Amino acid sequence: AKEPVRVLVTGAAGQIGYALVPMIARGVMLGPDQPVILHMLDIPPAAEALNGVKMELVDAAFPLLKGVVATTDVVEACTGVSIAVMVGGFPRKEGMERKDVMSKNVAIYKSQASALGSYAAANCKVLVVANPANTNALILKEFAPSISEKNITCLTRLDHNRALGQVSERLNVPVSDVKNVIIWGNHSSTQYPDVNHATVKTPAGEKPVRELVANDEWLHGEFITTVQQRGAAIIKARKLSSALSAASSACDHIRDWVLGTPEGCIERKHSLLIFSSVGTLQGTWVSMGVYSDGSYNVPAGLIYSFPVTCCNGVWTIVQGLPIDDLSRKKLDLTAEELTEEKALAYSCLS
Ligand code: NAX
């Protein structure tokens, strides 16, 4: 039997936390044969609610769940964890300035970074969900120098899955037959959902989404804005922000990172990292917010969402995709926003 893996969820008393911890305990994140010990962190005002979540986890009698740590102590929460899903943060409240929200989150991510750097297991993989997700991840990277930049990521998989969902609805095909959309940039309304390389499995082979939709007006307009503004639409409808879809996407992100994207290792072995153009056989990638190395002329040193493949717990940015002029502008626009956020975050540090 496998040794249990310790998984940290911060903000575990919140609504994403409530949807996420049972998924982890059921093996959705790390696989049906991987026992887990859940570490749940929240702040003292939420301690009682957090304990209630722990009681429910016990009551659910999950076979894979070998222990639960529910705590408001960041050191206890971080000790020995191999996976850290950072959902806790300070929400933007009515009338608050962007800078005030940023400075609260910078303070949180700075202190949690140090605790992870000192007490997490070696090679701990970190996923930041809490907004501003990309910039929180960047702050975490700055203040956890012992954690490799390859191990610090943020969630744009929900946006990626939303884009798959929109194409699936539009074409009336199963979402599992759609692949290789890309979310570029920030997890914000400047993100660029790109279908230029996306395909749909058909009886006649993989066909480009562009060809099947055959409506550039929709692809350049409503499709993009629907994905960009889906979070707001969920709030309007539910009076609460996305939770089950965020939790599920966080599991997808970690699962693909740890266990690999479908053909991730084959592609690596044959150095097929340059994907052929749409229409011919190609592998499957996913979108992850990762530390930019300057690929696609995105400024290095930002946490930016790219198409990646994963093999043996390592992500690699998909290289060589042609970027047209319209896309170039959108890639640059969201990079500019992230550069501004970075500057704002740094101004909160001084
Ligand atoms: P909730 O307000 O329900 O839960 C947040 C929890 O974090 C609360 O229980 C709170 O007490 C806790 N918390 C606050 N400060 C903390 C700290 N310093 N340490 C530990 N816990 C702390 O929000 P929820 O709806 O669960 O959303 C959580 C975060 O995810 C928000 O920042 C939200 O904006 C972000 N989202 C990110 C998404 C993404 O795709 N990257 C999508 C969904 C979501 O909007």
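Keep in mind that what you see is a predicted model, and the values were worked out from it rather than measured. Read the numbers this way: they start at 1 and go in the same order the structure lists the ligands and their atoms.
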Check whether any side-chain N or O of [X] sits under 3.5 Å from a backbone N or O of [Y] as a donor-acceptor pair, and report yes or no.
X: Lys150; Y: Ile147; answer: no
X: Ser287; Y: Ile183; answer: yes
X: Lys141; Y: Ile303; answer: no
X: Asn312; Y: Cys265; answer: no
X: Glu263; Y: Thr284; answer: yes
X: Asp42; Y: Leu50; answer: no

Glu169, CD: over 12 other non-hydrogen atoms inside 6.0 angstrom: no

For ligand 1, the portion of [X] having any non-hydrogen atom under 4.0 Å away:
X: Gln15; result: both
X: Ala130; result: both
X: Gln112; result: side chain

Write out the residue and atom name of the closest protein heavy atom to [atom], then the distance separating them to 0.1 Å.
atom: atom 40 (O) of ligand 1; value: His187 CE1, 3.1 Å
atom: atom 30 (O) of ligand 1; value: Ile16 CD1, 3.5 Å
atom: atom 4 (O) of ligand 1; value: Gly14 CA, 3.2 Å
atom: atom 41 (N) of ligand 1; value: Val129 O, 3.1 Å
atom: atom 32 (O) of ligand 1; value: Asn131 N, 3.0 Å

Trp285 six-ring centre to Lys179 NZ/CZ under 6.0 Å and within 45° of normal: no

Nearest heavy atom to [atom] wins, so pick from [options].
atom: atom 21 (N) of ligand 1; options: Gly11, Ala47, Gly17; result: Gly11
atom: atom 28 (C) of ligand 1; options: Asp159, Asn134, Val87; result: Val87
atom: atom 17 (C) of ligand 1; options: Ile43, Leu20, Val53; result: Ile43

Checking the N or O distance criterion of under 3.5 Å, is ligand 1 in contact with [X]?
X: Ile108; result: no
X: Gly88; result: no
X: Asp42; result: yes
X: Thr10; result: no

[X] and [Y]: side-chain donor and acceptor closer than 3.5 Å?
X: Asn186; Y: Glu341; value: yes
X: Gln191; Y: Thr156; value: no
X: Thr226; Y: Gln166; value: no

Can [X] be said to touch ligand 1, with heavy atoms closer than 4.0 Å?
X: Ser241; answer: yes
X: Ala13; answer: yes
X: Gly89; answer: yes

Residue Ala246 vicinity, atoms of ligand 1 by number, heavy atom under 4.0 Å: 43 (C)

Contact atoms of ligand 1, heavy-atom distance to Leu158 under 4.0 Å: 40 (O), 42 (C)

Result of checking Leu57, Val7, Ile16 against Val21 for side-chain contact (heavy atoms from CB on, under 4.5 Å): Leu57

Tyr296 and Trp184 aromatic ring geometry - parallel, tilted or perpendicular at 30°/60° bounds: perpendicular

Flag: protein heavy atom within less than 4.0 Å of atom 23 (O) of ligand 1: no

